[in-house]
There are 2 protein chains.
Amino acid sequence: MGESLIKICIVEDNKYMREGWQTILDFEPDFCVLGAYNSCESAFESGEINRSNVVLMDIELSGMTGIEGVRYLKIHQPKINVIMATVFDDDRNIFDALCAGAVGYLTKKVSPEELCHAIRDAYRGGSPMTPQIARRVISSLHESPDDETKLNERELQILNQLATGNSYKTIAEEIFLSVDGVRYHIRNIYEKLQVNNRSEAVAKGLKKRII
Amino acid sequence: MGESLIKICIVEDNKYMREGWQTILDFEPDFCVLGAYNSCESAFESGEINRSNVVLMDIELSGMTGIEGVRYLKIHQPKINVIMATVFDDDRNIFDALCAGAVGYLTKKVSPEELCHAIRDAYRGGSPMTPQIARRVISSLHESPDDETKLNERELQILNQLATGNSYKTIAEEIFLSVDGVRYHIRNIYEKLQVNNRSEAVAKGLKKRII
DNA sequence: TGAAACACTGCATATTCATGCAGTACTAAC
DNA sequence: GTTAGTACTGCATGAATATGCAGTGTTTCA
């Protein structure tokens, strides 16, 4: 593993960027650029991409976008480490790309050194990204003590039961309460969560990560 | 901002580790260790912690655990950047800590240089963590093409409507279909998701990240 | 040309849910 | 010692949901 070449493919529609990257990467002794393509379609057609260890993928491509491309690759060649490269660093793009299967996310202003480091990092099982992007990803995990959505123990317990699909009757049996007792708490849950039915409550609970 | 000191607190129950860190950090010209405590309780009592920019928190503490500590801090002093330091690097701990509000996660085998770098990184809005931990976090975001839970466009559309709490009638109006047409798809969704009611379907859809 | 498979529509019925109103028991505060 | 709040129980009713069965029209494959 130590001496093996890292096989790389580049998918980027801007010719100058693409060739610039290729030149930089080819200069590294442990890198081998298998191919550089201007679209996902041409990259997938070539077949070279299937042999690569790391793919550097632009996000804004005509035809199949980079996000669609990474999703496709993730399904067909899950071992390939895709690094997204983009001029955009808005939350939506970052999340869509990472959720679709990218392991890292770089903005295009990275230096050649950072680029090379990121590729090695991705190859070795890391997740290269700028500290700012890392922070955004982490922030998305944080529990939101945002508003006054404070459910107590009993309510959380019941909301969890709601999410499992149990009927009021079953819930009542599970938690040793009357059906009307269950009802009582559910009314309160609905009010606190500002919803008026079961599935909306479950959706909100899951989105707010309180269950 | 450039010349300001980074104010740091350490919460770590192992005396040698705690003093070792303090010595390392005190040696840096841009760091100022406000206090070093052996428990969350003593740290919070002192009040110094409220003035700090970065807190280095052990995860395995007696009394209030590091995770409870970071959750408490996040609520009361949300601007403080907490870095979790631990000998454990299992998924459960990583996630609990990051979800509770930690911005970074280090294992205790970090070098002094890495530690200092991590603190500066956290202070500047980054999220210091080892590449392996970063990858685990990213992997958790990845869509799971795990099993045969393939809902088609229409079904996804309807499942999303279910999650908003709309009634069949409303959904039918929204997507220009008869109520029985909505019913038809919902039956199929239930079968594919192996559930038999609305909220269970919503819960499963959200957990599998397909909506 | 015929059989499936798919995407609906239509209807019937038992179950479950949402919600309003009334009452009890316990605790803490004034 | 009354008042207020919390945690229930109980009941009633209309609305929504789950599910079974019987169609129709279109596309696809043999």
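Not measured: the values here are computed from a predicted model. The chains referred to below are lettered A, B, ... by the order of the sequence lines, with proteins before strands, and numbering in each begins at 1.
- The side chain to side chain contact (heavy atoms under 4.5 Å, CB included) with Met57(B) is formed by just one residue from the set Val11(B), Thr86(B), Ile49(B); it is Val11(B).
- If you take CD1 of Ile189(A) and C1' of dC17(C), they are 14 Å apart, rounded to a whole angstrom.
- Summarising the geometry, the separation between CZ on Arg198(B) and C1' on dT19(D) is reported as 16 Å, rounded to the nearest angstrom.
- Atom C1' of nucleotide dT16(C) and atom CD of Glu173(A) are separated by 14 Å, given to the nearest angstrom.
- Panel note: side chain Ser127(B), backbone Val103(B); a donor-acceptor pair is recorded below 3.5 Å.
- Contacts of Arg183(B) with the nucleic acid, taken as non-hydrogen atoms under 4.0 Å apart, include base atoms.
- The closest donor-acceptor contact from the side chain of Arg135(A) to the backbone of Ala122(B) lies under 3.5 Å.
- Distance Lys169(B) NZ to dT9(C) C1': 18 Å, rounded to the nearest Å.
- In this structure, Asn196(B) places its CG atom 15 Å from C1' of dG20(D), rounding to the nearest Å.
- Between the side chain of Arg51(B) and the backbone N or O of Lys7(B) there is no donor-acceptor pair closer than 3.5 Å.
- Atom CD1 of Ile186(A) and atom C1' of dG20(C) are 16 Å apart (whole Å).
- Minimum interatomic distance between Tyr37(B) and Arg18(B) (heavy atoms only, all atoms of both residues): O-CD, 3.4 Å.
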* Structure fact -> Letter by letter from the 5' end, nucleotides 4-10 of chain D scores (B base, S sugar-phosphate only, - none; protein heavy atoms under 4.0 Å) ---BBBB
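- Nearest heavy atom pair, residue Phe44(B) against residue Met64(B), reads CE1-SD, 3.5 Å.
- Put simply, CD on Gln157(B) is 14 Å from C1' on dC8(C), counting in whole angstrom units.
- Rounded to whole angstrom, the span from the OH atom of Tyr190(A) across to the C1' atom of dT16(C) amounts to 11 Å.
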